[in-house]
Amino acid sequence: MNMKALLQIDEGASLNEIKKAYNGKRLVYLNEKKSTSAKPRIRLLQDKIDRLDYAYNEYIKLVGAEKEESAKNKNI
């Protein structure tokens, strides 16, 4: 999953902007989930939250790995 597509942000967004967009989008889904009683809608919103969480966590791992690789290259 493409994190930037899920959050609808530009390609050059900073990590801080991505974190703010993630938290905002997640909060919108949680509030909408709390305000509805329709079981299918709740399942759909929970699926969206799960996909968003997974994509965000994978993106953070990727950024962390890139930073480690960059630090190793600087030491060489």
**OP:** Check side chain to side chain donor-acceptor pair (under 3.5 Å) between Lys20 and all other residues, then give those that pass, not counting sequence neighbours.
**Re:**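 Applying side chain to side chain donor-acceptor pair (under 3.5 Å) to Lys20 gives none.
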Original post:
To the nearest 0.5 Å, what is the distance between CD (Glu32) and CD1 (Ile42)?
Top reply: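 It is 10.5 Å, given to the nearest 0.5 Å.
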**OP:** Look up atom CG in Leu45 and atom CG in Asn31, then write down how far apart they are to the nearest 0.5 Å.
**Re:**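 Leu45 atom CG to Asn31 atom CG measures 10.5 Å (nearest 0.5 Å).
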Original post:
With a 4.5 Å heavy-atom cut-off, do Tyr59 and Leu15 have their side chains touching?
Top reply: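 Tyr59 reaches Leu15 side chain to side chain.
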**OP:** Could you point out which residue of Asp53, Ile60, Leu52 forms a side chain to side chain contact (heavy atoms under 4.5 Å, CB included) with Tyr56?
**Re:**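 Exactly one pass, corresponding to Ile60.
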**OP:** Would you please name every residue forming a side chain to side chain contact (heavy atoms under 4.5 Å, CB included) with Ser14, sequence neighbours left out?
**Re:**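 Expected list: Asn16, Glu17.
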Original post:
Is Tyr22 linked to Val63 within one hydrophobic cluster, defined over Ile, Leu, Val, Met, Phe, Trp and Tyr using a side-chain heavy-atom separation of less than 4.5 Å?
Top reply: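 Yes; tracing contacts between hydrophobic side chains, which count when under 4.5 Å, links both residues.
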Original post:
Does the Asp47 side chain pair with the main chain of Arg43, one donor and one acceptor, at a distance under 3.5 Å?
Top reply: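 No, Asp47 side chain to Arg43 backbone: no donor-acceptor pair under 3.5 Å.
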Original post:
Counting N and O atoms only, with roles assigned by atom type, does the side chain of Thr36 sit under 3.5 Å from a partner on the main chain of Lys33, one being a donor and the other an acceptor?
Top reply: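 No; judged by distance alone, with no hydrogens or angles, the pair does not exist.
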